[in-house]
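For reference, the structure discussed in these notes is given below.
These numbers come from the heavy atoms of this one structure, side chains and all, not from hydrogens, waters or symmetry mates. Sequence lines set the chain letters: A, B, ... in the order given, protein chains first and strands last, and positions in each chain run from 1.
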Number of protein chains: 2
Amino acid sequence: MDRIDRKLLNLMQRDASRTNVDIAEEVGLSPSSCLRRVQRLHKSGIIDRIVAILNPTKAERRIKALITVELKLHGEQHMRRFLKIAVAEEAVSQAYAVTGETDVVLMLRLRDMEEFDALCERLFRDQTNVARFFTMMIIRTAKEETAIWL
Amino acid sequence: MDRIDRKLLNLMQRDASRTNVDIAEEVGLSPSSCLRRVQRLHKSGIIDRIVAILNPTKAERRIKALITVELKLHGEQHMRRFLKIAVAEEAVSQAYAVTGETDVVLMLRLRDMEEFDALCERLFRDQTNVARFFTMMIIRTAKEETAIWL
DNA sequence: ACGCCTTTGCAATAAAATTGCACAGATCTG
DNA sequence: CAGATCTGTGCAATTTTATTGCAAAGGCGT
């Protein structure tokens, strides 16, 4: 993991569609040597995978919202159960267990408010162990690195 | 945007490193026809870009934290100025302006607590228009789609 | 049914990735 | 310090993949 590896990783996180020849030239290596480095980064697991990032404005889930959730019961198994339910939802793009007054934070990608309504109904009805939740609609995205599922 | 396009998009969001021939076979098209669809999805902007996703546990920023920020002054230009400062920070991986009591939510990726300390010093010192902020350290990540910068 | 437009598959071509091999630099060892 | 060893490199040959022209098939409105 030297200077060239870092250059490769930063470069490929920006654009992994470039040809090996092109990338090799930018980092100052021969194509074969460059390719072997990329293969090594794959095998070692530093590069987890190569994915397509979709344009959110052209996708179908344009509304983003953050929800902080406070659970009634805080045991490990209760936390696990709630996260499992949340993660299974298509509209949930990120889900975290956190410290502080809040127990769980969810990032949502929504088609419309009907979907939001239905999601709340499923996640926050009485039997689901949720004490309170606070919704923050996202007005502006200043920075992000997120995939969108259709 | 038919059934095959959706199949292609979902497939490429999972793994965009597969060869065109391989993908063509899975969606049930000839390689040339499949390629032309992918090119069209690129040109139309639905596919924004192809990127490498790094393994967070093998990367250098392993600690994640969420911060909710309440600003003192809520005007457009104040919001813009704070977001600009926040976005410029390497440790800030996501930044959102939101509705509710909170004005801004930041996702952080940290090497260690020294970095967190230094970041707070820069973002939340008196002159930066921050009234209050709440930190939630992320204990567990149940779902996410995020890139890591070294 | 008829043109018009888009999409498809095939085959030829161009471009890219992959591999074997010999060499250079770094590190270890006696 | 010389020699052995390991890792990374560039070149060239080979294999694989992407790309393009073209004719045919399917959909759509008149």
Side-chain angles (χ1 to χ4, degrees), chain A residues 1-62 90 111 145-150, chain B residues 1-62 90 111 145-150:
Chain A
M1 171 65 74
D2 57 1
R3 201 182 49 80
I4 295 182
D5 278 339
R6 285 169 200 281
K7 213 166 168 180
L8 276 174
L9 291 173
N10 283 332
L11 201 146
M12 291 182 68
Q13 281 189 107
R14 261 189 272 267
D15 183 1
S17 70
R18 300 170 60 182
T19 67
N20 180 54
V21 177
D22 187 19
I23 292 173
E25 187 175 8
E26 176 154 344
V27 303
L29 282 180
S30 70
S32 61
S33 202
C34 180
L35 182 69
R36 272 185 269 249
R37 273 179 183 264
V38 173
Q39 289 172 333
R40 184 167 50 73
L41 290 170
H42 263 105
K43 270 209 298 268
S44 70
I46 296 175
I47 294 178
D48 186 45
R49 61 202 195 284
I50 307 291
V51 301
I53 302 294
L54 307 195
N55 185 333
T57 64
K58 307 231 171 174
E60 294 175 3
R61 297 171 180 276
R62 304 184 184 203
E90 282 246 313
R111 290 181 216 273
E145 306 285 342
T146 310
I148 299 97
W149 289 87
L150 297 183
Chain B
M1 173 62 77
D2 58 0
R3 202 181 49 82
I4 295 182
D5 278 338
R6 285 168 200 283
K7 212 165 169 182
L8 275 174
L9 291 172
N10 283 332
L11 201 147
M12 293 182 68
Q13 281 188 107
R14 262 189 271 266
D15 183 1
S17 70
R18 301 169 62 183
T19 67
N20 180 52
V21 177
D22 188 18
I23 292 173
E25 188 174 9
E26 176 153 345
V27 302
L29 282 181
S30 71
S32 61
S33 202
C34 180
L35 183 68
R36 272 185 270 247
R37 272 176 183 267
V38 173
Q39 287 171 335
R40 182 167 51 74
L41 291 170
H42 263 106
K43 269 210 296 270
S44 70
I46 296 176
I47 294 178
D48 187 45
R49 59 201 197 283
I50 306 293
V51 301
I53 302 294
L54 307 194
N55 185 334
T57 64
K58 306 233 170 169
E60 295 176 2
R61 297 171 180 277
R62 304 183 185 206
E90 282 245 315
R111 291 181 217 276
E145 304 286 342
T146 310
I148 298 99
W149 290 86
L150 297 180

### Message
Taking atom types as they are modelled, would you say the side chain of S30(B) forms a donor-acceptor pair with the base of dC10(C) within the 3.5 Å cutoff?
### Response
no
### Among dC11(D), dG8(D), dT9(D), the nucleotide that comes nearest once only the side chain of S33(A) is considered
dT9(D)
### Query
Where the side chain of Q39(B) is defined as all heavy atoms beyond and including C-beta, which of dT20(D), dA17(C), dT7(C) is the nearest nucleotide?
dT20(D)
### Query
Out of dT19(D), dA17(C), dC11(D), which nucleotide sits closest to the side chain of N20(B)?
dT19(D)
### Query
Does a side-chain heavy-atom distance below 4.5 Å link D2(B) with R37(B)?
yes
### Task
Give the rounded distance in Å between these two atoms: CD1 of I4(B) and C1' of dT6(C).
14 Å
### Query
For the side chain of N20(B) and the backbone of P31(B), is there at least one donor-acceptor N/O pair under 3.5 Å apart?
yes
### Task
Round to a whole Å and report the spacing from CD1 of I50(B) to P of dA18(D).
13 Å
### Message
Just the rounded figure in Å: distance from C1' of dT7(D) to CE of M1(A).
### Response
17 Å
### Query
From dT8(C), dT18(C), dA18(D), pick the nucleotide closest to the side chain of L29(B)?
dT8(C)
#### Entry: Spacing between D22(B) atom CG and dT16(D) atom P, to the nearest angstrom
15 Å
### Task
Return the value, rounded to whole Å, for the distance between atom CD of E25(B) and atom P of dT17(D).
12 Å
### Query
Between L35(B) (CG) and dT8(C) (C1'), how many Å, whole number?
13 Å
### Query
CZ of R40(B) versus C1' of dT19(D): gap in Å, rounded?
17 Å
### Message
In whole Å, I'd like the distance from the CG atom of D2(A) to the C1' atom of dT9(D).
### Response
13 Å
### Message
Side chains of S44(A) and N55(B), heavy atoms from C-beta outward: is any pair under 4.5 Å?
### Response
no
### Task
Indicate, with a heavy-atom threshold strictly under 4.0 Å, whether T19(B) touches base, sugar-phosphate, or nothing.
sugar-phosphate
### Task
Let me know, please, whether R37(B) or R18(A) comes out on the 5' side of the other along DNA chain C by nearest nucleotide.
R37(B)
### Task
Enter the distance from E90(B):CD to R61(B):CZ here, rounded to the nearest 0.5 Å.
5.5 Å
### Query
Any side-chain heavy atom of R49(A) sitting closer than 4.5 Å to one from I53(B)?
yes
### Query
Taking the side chain of R36(B) as its heavy atoms from C-beta onward, which of dA18(D), dT19(D), dC10(C) lies nearest to it?
dC10(C)
